[in-house]
Amino acid sequence: MSKHFISVLGTGLYEPVEYAFKGQSLEKCEFIQEALIRYYQKELQNHGKISIFLTEGARKRNWEDREYNEDDKKAAQKWKSDVKDMIIPKEKKQGLKKSLEQEFKNSIIVEDISIENASTESQIWSVFQTIYENIEEGDEIIFDITHSFRSIPMLAIIIINFARIMKNCKISGIYYGAYEAISDNGVAPVVDLTIYNDILQWTSATDIFMRYGNADQIDQLYKSKKIFLNKNKKDETQTKEWNQLGSVINSMKNLADALAACRGIDASKLENMKTNSSGRSIRCAYQEFKQKVQKEYPKSVKEIVPLHQLLHKAEENFSQFDKEQDFKIGCEVVRWSIQNNMTQQGYTALEETLKTYLCNMYDLDNRLEENRDKKIGAFLNAIAQLDQKTKGQITAENQYLPESRDLICKFVTEEDVYTRRLYINVKNTPEDLEKYNEIAYTLPVELALMAKKIKEKRNDINHFGFNKNPSSSDNLKTTLSKNFKEFEEFLQENSEQFKTRIKAYRSTVCS
C-alpha cells in the first residue's frame, strides 16, 4: 500500500503562510500543498504519488507560471503580512507546477489532471469519475481540500470512501489549511478533518446493523479505533473508555450472530446452558446487550455520535426478541427476517416456530427431537399427505366432525408409514400412545397444510434450487410473507379455540 497525496488546486491568490501541523511548524509557502508534501516527503518517496486536480482556471492562475496583474495587487492588499508589497503587476508569479518540479519531481511522481468546475450534476459526476479513476488499488490516501471548489470537500469524502470499498484503499488523512484562523504571530493551523470520514463510516456501519443485524463493520471500526488509541497513547482516559466499550460491542456482535444463526430457543431456561447462553439464544443475546448498554456503556464516549445513538436505538428496536415463550420469539425472528429481506432465515424460523407452537400447545418439551419431529413433524406430514390423497376432502370447516377425525386417525395409524411406526413401536409408553391419539384427534388441518407449504419452500432454498420446478427469489420472498400472515391470523383467531379442543379431548379421555 503506497501513499497517494491528492489535492484540488483553486484559483485564488494565496498569501504565503506558515502552517502548524501535528505539533510542527511547516515552512512558510504560498501553496499549502508544498507544506503538506514536505511533511509526508519520506513516505511519498517510497513509491508514493502526488495528484493535483485542476480546473481550467486553476491551471492558468496557479499551476502554470504567469504574470501578476492589477487584480492580484488589489487582492494582496487584504493580506496580513508585508509580503503583499511584493505583488507587482507584470512581475513573474511561479506556479505550483514548477515549485513541485524543483523540489520533488526527481523523487516523487507528480501528476496534474484536468477536471470540470463541478457546478452542475453532470460535472460533479465527471469530477467523481476522474478523481476515482486516478486512485489505484490499495492506495493510502492523503487528501488536501484547502483550496478546493466549494462542492469538492463533500465530494472528496464520498470518493475516498467509495475507493476504500471498491479499491481497498485506506484514508490516512483529510486536511484543511485554516488560513482564516491565522494567529497574531502569522501561523495558521492545519485542521484534521478525518473525523468526518470516521463519522461517515460509523453511520454506514450503523445503517447495516439496524437494517440487517450485521455488526461486523461496527466491530471492525471499533477494533481499528482501539488499536490506534493504544498505539498512540496520547489520551489515557479516552483509551480506557474505548477499551471498556469492548464488552458492549461484543454483546452487540453476539446478538447479530445469534440472529444470523437462527438461535431461537430461550437458552436461559436450559440447565446445561447457563453459561455462554448469549451465543445460543437470540433472547439471551438481547438481554445481555441491553444490560451492557444500560450498565457498562461508558457514558463519556461520545466522540462517535452515531455509535452513541445506535446503542440506545438498537436496545429499543431489538426489544421485540425479549419474549417469554419460544414460539413468540420465533414469530419476531420471522417478522424481522421479512423486514430485512432474509428469506432463508425467515423460512427456517417459521417452520420451526410452527412446531414450537404445537409443542407448547401439547405440553411437549420443544427441545427434544422426538417431540418436534417424531410427534409434531410426523403428524403434520401425515395429515398433509391425507389431504393430498383425498383431494381436500377434509377442510377447516369439517375437520372436527367425528368421521373426519376418524379418517385422520385411521390414516396415521394404519396407512402412513412413519406415523404407523410410532404407534406400533414397542418402546412407546401408554402415555406416548395417548399423546399420539390426542394429536391425531385435535391437530388443526390448516396448520398441517401450512406446514407443508412452508417446508416445500424451505427445502427449495436449502437444496440450492436444485429441483424440477425451483421457485423464483421473488416468489420465495412473497410466499414467506403470505405464510407468516396466515400463521399469525391462526394465532389470533383460532388459538383459543384450539386450546379448548385439546382440553375437551383430555376431559373425554379422563372421563
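All of these numbers come straight from a predicted model, not from anything done at the bench. One is the number of the first residue; the rest follow in order along the sequence. All values below come from the heavy atoms of this structure, side chains included, with hydrogens, waters and symmetry mates left out.
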Open item on the list: I want to know whether Phe143 and Tyr175 have ring centres closer than 6.0 Å.
Closed with: no
Task: Centroid separation Phe162 to Tyr132 less than 6.0 Å - done: yes
Looking at [Y], is its backbone amide N or carbonyl O close enough to the side chain of [X] to form a donor-acceptor pair, meaning the two atoms are under 3.5 Å apart?
| X | Y | value |
| --- | --- | --- |
| Asp460 | Ser471 | yes |
| Gln345 | Leu259 | yes |
| Arg283 | Lys323 | yes |

Does a salt bridge link [X] with [Y], judged by any charged N lying under 4.0 Å from a carboxylate O?
| X | Y | value |
| --- | --- | --- |
| Lys90 | Glu67 | no |
| Arg38 | Glu34 | yes |
| Asp72 | Arg61 | yes |
| Glu351 | Lys457 | no |
| Lys73 | Glu70 | no |
| Lys3 | Glu43 | yes |
| Asp65 | Lys98 | yes |
| Asp216 | Lys253 | yes |

Indicate whether any N or O donor in one side chain lies under 3.5 Å from an N or O acceptor in the other, for [X] and [Y].
| X | Y | answer |
| --- | --- | --- |
| Ser126 | Glu116 | yes |
| Ser472 | Asp474 | no |
| Gln41 | Glu103 | no |
| Asn117 | Glu56 | no |
| Lys453 | Thr479 | no |
| Ser2 | Glu140 | no |
| Asp322 | Gln287 | yes |

Spacing of [atom1] belonging to [X] relative to [atom2] belonging to [Y], to within rounding of 0.5 Å:
| X | Y | atom1 | atom2 | value |
| --- | --- | --- | --- | --- |
| Ile32 | Tyr176 | CD1 | OH | 9.0 Å |
| Leu96 | Tyr14 | CG | OH | 10.5 Å |
| Ile159 | Thr130 | CD1 | OG1 | 9.0 Å |
| Leu491 | Tyr357 | CG | OH | 5.5 Å |
| Glu315 | Leu255 | CD | CG | 11.5 Å |
| Asn250 | Glu288 | CG | CD | 8.5 Å |

Can you check whether [X] reaches [Y] side chain to side chain, under 4.5 Å on heavy atoms?
| X | Y | result |
| --- | --- | --- |
| Tyr68 | Ile88 | no |
| Val187 | Ile182 | no |
| Arg59 | Lys97 | no |
| Ser337 | Tyr347 | no |
| Phe487 | Cys331 | yes |
| Arg458 | Glu352 | yes |
| Leu54 | Ile52 | yes |

Open item on the list: Using the rule side chain to side chain contact (heavy atoms under 4.5 Å, CB included), only one of Ile199, Asp192, Val191 pairs with Ile195; which is it?
Closed with: Ile199
- [ ] Test Met210 against every option in Thr206, Asp207, Ile208 by the side chain to side chain contact (heavy atoms under 4.5 Å, CB included) rule and name the one that passes.
- [x] Thr206
Looking at every non-hydrogen atom in both residues, tell me the closest pair between [X] and [Y] and how far apart they are.
| X | Y | result |
| --- | --- | --- |
| Lys49 | Asn134 | NZ-O, 3.4 Å |
| Ile6 | Phe53 | CG2-CE1, 3.6 Å |
| Ser481 | Ile338 | OG-CG2, 3.4 Å |
| Ala188 | Ala178 | CB-O, 3.6 Å |
| Ala118 | Ile124 | O-CG1, 3.8 Å |
| Ser281 | Cys284 | OG-N, 3.1 Å |

Open item on the list: Do Lys28 and Tyr19 form a cation-pi contact, if we require the NZ or CZ to be under 6.0 Å from the six-membered ring centre and within 45 degrees of the ring's axis?
Closed with: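 Cation-pi check for Lys28 and Tyr19: fails.
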Open item on the list: Determine whether Tyr196 and Leu200 satisfy the following criterion, side-chain contact (heavy atoms from CB on, under 4.5 Å), listing intermediate values before the conclusion.
Closed with: CA-CA 6 Å; Tyr196 288 97; Leu200 187 62; over 6 Å; no
Task: Phe209: partners by ring-ring contact (aromatic ring centres under 6.0 Å, His included), with sequence neighbours left out - done: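 Result, ring-ring contact (aromatic ring centres under 6.0 Å, His included) vs Phe209: Phe318.
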Open item on the list: For Glu332 and Arg335: C-alpha separation, side-chain torsions, deciding distance, then whether salt bridge (Lys or Arg N to Asp or Glu O under 4.0 Å) applies.
Closed with: CA-CA 5 Å; Glu332 295 305 326; Arg335 195 186 323 280; 3.3 Å; yes
TODO: Could you give me the CA-CA distance, side-chain angles and deciding distance for Leu36 and Ile142, then say whether side-chain contact (heavy atoms from CB on, under 4.5 Å) is met?
DONE: CA-CA 9 Å; Leu36 289 172; Ile142 305 159; 5.9 Å; no
- [ ] Begin with the C-alpha distance, continue with both residues' side-chain angles, and end with the deciding distance and a verdict on salt bridge (Lys or Arg N to Asp or Glu O under 4.0 Å) for Lys93 and Glu30.
- [x] CA-CA 11 Å; Lys93 176 188 182 303; Glu30 176 183 353; 3.1 Å; yes
Task: Intermediate values then yes/no, side-chain contact (heavy atoms from CB on, under 4.5 Å), Leu100 and Trp63 - done: CA-CA 10 Å; Leu100 295 180; Trp63 181 249; 4.1 Å; yes
TODO: Show your working on side-chain contact (heavy atoms from CB on, under 4.5 Å) between Asn459 and Asn467 and close with a plain yes or no.
DONE: CA-CA 9 Å; Asn459 286 342; Asn467 56 62; over 6 Å; no
